[in-house]
Amino acid sequence: MQLEARIPGGQLSEKWDRHRFELKLVNPANKRKYDIIVVGTGLAGGSASAALAELGYTVKTFCIQDSPRRAHSIAAQGGINAAKNYTNEGDSIWRLFYDTIKGGDFRAREANVYRLAQISNNIIDHCVAQGIPFARDYGGLLANRSFGGSQVSRTFYARGQTGQQLLLGAYGAMMRQVAAGQITMYPRREMLDLVVINGKARGIVVRNLVTGEIETHAAHAIVLCTGGYGNLFFLSTNAMSSNVSAAFRAYKKGAGFANPCFSQIHPTCIPVHGTYQSKLTLMSESLRNDGRVWVPKTPGDKRPPHQIPESERDYYLERKYPSFGNLVPRDVASRNAKSLCDSGKGVGDTGLAVYLDLSDSIRRDGKDIIEKKYGNLIQMYEKITADDPYETPMMIYPAVHYTMGGLWVDYNLMSTIDGFFVLGEANFSDHGANRLGASALMQGLADGYFIIPYTIGGYLAGTPFEEVNTSHQAFKEATQAVKTRIENLLSINGKRTVDDFHRELGLIMWDYCGMSRNDQGLIKARGMIQELRAEFWENVVVPGSSEDFNQSLERAGRVADFIEFGELMIIDALARKESCGGHFNEAYQTEDNEALRDDENFSHVAVWEFAEADKEPVLHKEELIFQNVELTHRSYK
Amino acid sequence: MTRTINLTLKIWRQKGPEFKGKFETYNVRNISTDMSFLEMIDIINEQLTLDGKDPIVFDHDCREGICGTCGAMVNGRAHGPEKGTTLCQLHMRHFSEGDTIVIEPWRSRAFPVIKDLVVDRSALDQIIQAGGYISVNTGGAPDANTLPVPQEIAEKAMDAAACIGCGACVAACPNAAAMLFTGAKVSQLALLPQGKPEAAKRALCMVRKMDELHFGNCTNEKECEVECPKEISIVNIARLNREFMKAGFFSTVP
């Protein structure tokens, strides 16, 4: 496996311009001769489909939902960053670049992150033109708010529904292209394999989730936008159908998987409350603009929050990090919450929660202002918990939220397989070891609207293609493999349900490969997962048939992949002998329990190549070269 | 306070579009009142699976009330009895010991049943395809702040844009009209200056498409507004009617 990052030469600020000039172009009249498959319709897939279709390419778009308006980008609440500096606080492309690369604990590529910061401004312009109803000030200009890891307000938002509004913008743009005949939409399809012919990605195998039919589709290039793998943990803030399968199938076909152990635990989620629970719900980080996080000073203090006087409360983030206060990055906030709960200061029935208290802000600004900013979030909290945050502090606890790791891509967003591009959360590219708030929307849309339209042209124009259609032997073989696997799953007929296995997998991963990790635990967890995998293939029960709408079968395939992928995540966590961002190995920490990086030995992207089944994956390294920022200890004090 | 309750569920089972469906009765015990409605169905499905029976097929995804995937008629109410709540956000604390709950798929000619509680809502996508967007290609937009939008207008547009496309308005309407859904999109874009150039064409084409897809007409029953999980107001239908009338009189769109 060759890792050529293809980072253009020249000054950091000129690289993207220069690269766009150097990329070959496809003549406008020739674009329709190229078929492009896009898998996934979140922000990355939706925007890529629309932008490529606008250019004239023939686009086929696939999604597992019933409509391309529903992917989990829709649940992003807080906002999207851009370096507009509309607030006159001294923001700039350079500052957004620096905050993002520092926020990622210096484990991302300088050139990619700088490009992201450059493009951020175009995204806001485009989305306003699409009619996204962003929040505005009284004068009618755009409003901003603050997010973690930054000391300027650069986050654009549409109440607590920013992801929804941006996704519906991309969806509208797609629907326009569907009407124009440029996009053919295939909803309720799940990608089950990638077809590679003579080293190039040339098609996919999908299952029609309604009829169960296995279909094949050929193209000149494939764009994968299938999101992250947080559902590996069973309980996460991801949607129920979010999964790693498409990315993992591609990994098995030769795409390198980068930094799988970089997972983000979001600090402000509604705590777990029962074993029947199916998912966790995030409360936007934007609440930390106006909410103060605290626990009682005395361990085991079970008084209700309003009976605990100010002097007996520990506003620990404000105390430990005076300059960033409640707006420290997510990894820092999460680890602090965990360590306080571990020391017995946690609140609520389970002791696994801290308070997020809006009362000072309500006193200062009035309930109306707070309601306008966060009304829908507060309502959501109340529906789930039956507590009213206007009256009593919210209880929050960290939960798995986002995965920074993903398929390795070069500067063109192309993976180690030619013609196979990976966008959005599914790739590893821009967030290093920890993603800052309001950066995921920015990256998904940057990749889809403003990067892939250029880089895919460069690939298509510079590549000779042989005629390939779905009657090619490779499609037949892939189809057969997919069918065999499905029949295997249906024929086991054991005694444990898919969800039961998934829940156990999630617990193992949360306990040993979650917020804090150590070598001993990781080794133990690896053994447990191998056993779980063996049991799964002997004892899972999947009802129904393959030629039907069978949701158990869908989940079985995904959980089977999650189990295998969990082991890869552990292998990666064991190999990274340092702490950085979302990867916290207890053996590597500073005196005050912050993550301790080892820049000398681990300033690289760990890229895993699939070896045959049951062989150790092979580690490749892409060294990260920092010429524009100084690698400092990440301090938010 | 966490309690547990016992319930009788009558759930619509239908193998496929061509099959006749019927209600099946399920008795469920010890349901925690902190559980969500869909988590209760998860529990039934786990049991059905272990008993060697076919689990109930139902659409769901984000389980936080924003993706618009889930939905069913619960005791005749779209998304159940709670105001402003999707089915996934409905919690069992709103039910009582011994209740019988009837669960059916959306009922509308434009939404054929696919299986059990799942219906085909692709007609809503087709309405959007008819014009529910602003025709702007990627790349040419001016700076975002060159076009001020009065805060009040932006807020109204956002109220309309909150629609999650779940189809509850259609399911609740005695005429199976999609006026609230269509009105919300037409309003959002007609309110904003960016959407004005195409306002007439949009209103005409989206209404025509709605008729073509066998959605009914609006007779001011207001059921849609009551059942909308995002509490979208029927003011948006009035705005759609105004845009449609205006376009009929003044537009040159054929």
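Keep in mind that this is a model prediction, so the values were computed, not measured. Just so we're on the same page: letters track the sequence lines, and every chain starts at 1.
Residue B:Asp34 holds its CG atom at 11.0 Å from CD1 of A:Ile384, rounded to the nearest 0.5 Å. Rounding to the nearest 0.5 Å places CZ of B:Arg121 at 4.5 Å from CG of A:Asp66. B:Glu46 contributes atom CD, which lies 8.5 Å from atom OG of A:Ser552 (distance to the nearest 0.5 angstrom). Summarising the geometry, atom CE belonging to A:Met175 is positioned 9.0 Å from atom CD1 belonging to B:Ile128; distances are rounded to the nearest 0.5 Å. The line from CE of A:Met240 to SG of B:Cys70 is 11.5 Å long, rounded to the nearest 0.5 Å.
Residues A:Lys279 and B:Glu64 are paired through a salt bridge, judged by an N-O separation under 4.0 Å between the basic side chain and the carboxylate. With respect to the salt-bridge test (charged N to carboxylate O, under 4.0 angstrom), the residues B:Asp61 and A:Arg70 do not qualify.
Atom CG of A:Asp349 is surrounded by 12 or fewer heavy atoms from other residues, nucleotides or ligands within 6.0 Å. A 6.0 Å sphere centred on CD of B:Glu152 holds no more than 12 heavy atoms belonging to other residues, nucleotides or ligands. The number of heavy-atom neighbours closer than 6.0 Å to CD of A:Glu547, taken from other residues, nucleotides and ligands shown, is 12 or below. B:Lys83 NZ: more than 12 foreign heavy atoms inside a 6.0 Å radius.
Contacts between A:Ile124 and chain B at a heavy-atom distance below 4.5 Å involve backbone atoms as well as side-chain atoms. Within the 4.5 angstrom heavy-atom criterion, no atom of A:Asn122 approaches chain B. Heavy atoms closer than 4.5 Å to chain B are found in both the backbone and the side chain of A:Ser241. With a 4.5 Å cut-off on non-hydrogen atoms, A:His126 touches chain B through its backbone and its side chain both. Only the side chain of A:Gln77 comes within contact range of chain B, with at least one heavy atom under 4.5 Å from a heavy atom of that chain. The part of A:Gln379 that comes within reach of chain B is its side chain, from C-beta onward, which places non-hydrogen atoms under 4.5 angstrom from that chain. For a residue to count as touching a neighbouring chain, one of its non-hydrogen atoms must lie under 4.5 Å from one of that chain's; by this rule B:Lys156 does not touch chain A. Only the backbone of A:Lys495 comes within contact range of chain B, judged by heavy atoms closer than 4.5 Å. The contact between A:Val541 and chain B is made by backbone and side chain atoms together, counting heavy-atom distances below 4.5 Å. For chain B, the nearby part of A:Thr385 is the backbone; its heavy atoms alone come within less than 4.5 Å. Looking at A:Gln130, both its backbone and its side chain come within 4.5 Å of chain B, counting heavy atoms on both sides. Using a 4.5 Å cut-off between heavy atoms, A:Asp548 touches chain B through its side chain atoms alone. Using a 4.5 Å cut-off between heavy atoms, B:Ile56 touches chain A through its backbone atoms (N, CA, C, O) alone. Within the 4.5 angstrom heavy-atom criterion, no atom of A:Ala135 approaches chain B.
Ranked by non-hydrogen atom pairs under 4.5 Å with chain A, the options B:Asn137, B:Leu192, B:Ile114 are led by B:Asn137. Listed options B:Leu124, B:Thr85, B:Leu48 were ranked by heavy-atom pairs under 4.5 angstrom with chain A; first place goes to B:Thr85. Annotation: maximal heavy-atom pairing with chain B below 4.5 Å, among A:Gly172, A:Pro68, A:Cys127, A:Gly163, occurs at A:Gly172. Counting heavy-atom pairs closer than 4.5 Å to chain A, the top residue among B:Asp159, B:Ile43, B:Leu38 is B:Asp159. With respect to chain B, the highest number of heavy-atom pairs below 4.5 Å among A:Phe450, A:Tyr86, A:Phe549 belongs to A:Tyr86. Of the residues considered (A:Thr237, A:Leu142, A:Asn238), A:Leu142 shows the highest number of contacts with chain B, using heavy-atom pairs under 4.5 Å. Note: A:Leu141 leads A:Asn376, A:Leu141, A:Leu55 in heavy-atom pairs under 4.5 Å with chain B. Between chain A and the residues B:Asn145, B:Asp42, B:Ile66, B:Ile134, the largest count of heavy-atom pairs under 4.5 Å involves B:Asn145. Options B:Leu189, B:Asn45, B:Ile164 differ in how many heavy-atom pairs under 4.5 Å they form with chain A, and the most are formed by B:Ile164. When each of A:Gln161, A:Gln277, A:Gln164, A:Met380 is scored by its heavy-atom pairs under 4.5 Å with chain B, the top score falls to A:Gln164. The residue among A:Tyr138, A:Tyr276, A:Phe156, A:Phe134 with the most heavy atom pairs within less than 4.5 Å of chain B is A:Tyr276. When B:Gly195, B:Pro150, B:Gly132, B:Gly68 are compared by the number of non-hydrogen pairs under 4.5 Å with chain A, B:Gly68 comes out ahead.
A:Ser49 is linked by a side chain to side chain donor-acceptor pair (under 3.5 Å) to A:Thr61, counting only residues two or more places apart in sequence or in another chain.
Taking the side chain as every heavy atom from C-beta outward, A:His72 and B:Cys62 approach each other to under 4.5 Å. Here the side chains of A:Gln551 and B:Lys115 are not in contact, with every heavy-atom distance at 4.5 Å or above. Side-chain contact between A:Pro543 and B:Pro55 is present, with at least one heavy-atom pair separated by less than 4.5 Å.
For B:Glu39 and A:Ser278, the side-chain atoms include at least one donor-acceptor pair closer than 3.5 Å. For B:Asp125 and A:Tyr171, the side-chain atoms include at least one donor-acceptor pair closer than 3.5 Å.
In this structure, the side chain of A:Gln165 engages the main chain of B:Ala161 through a donor-acceptor pair within 3.5 Å. Between the side chain of A:Gln65 and the backbone N or O of B:Thr69 there is no donor-acceptor pair closer than 3.5 Å. Under the 3.5 Å distance criterion, the side-chain polar atoms of A:Lys383 are matched with a main-chain donor or acceptor of B:Gly84. No side-chain donor-acceptor contact under 3.5 Å links A:Arg159 to the backbone of B:Ala162.
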- request: Show your working on side-chain contact (heavy atoms from CB on, under 4.5 Å) between B:Tyr133 and A:Leu168 and close with a plain yes or no.
  value: CA-CA 9 Å; B:Tyr133 42 76; A:Leu168 294 182; over 6 Å; no
task: Show the numbers, then the answer: is there a side-chain contact (heavy atoms from CB on, under 4.5 Å) between A:Arg188 and B:Val118?
output: CA-CA 12 Å; A:Arg188 293 201 196 265; B:Val118 176; 3.4 Å; yes
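Within the structure, the side chain to side chain donor-acceptor pair (under 3.5 Å) test picks out the following pairs touching residues 189-200 of chain B (sequence neighbours left out): B:Ser135-B:Glu198.
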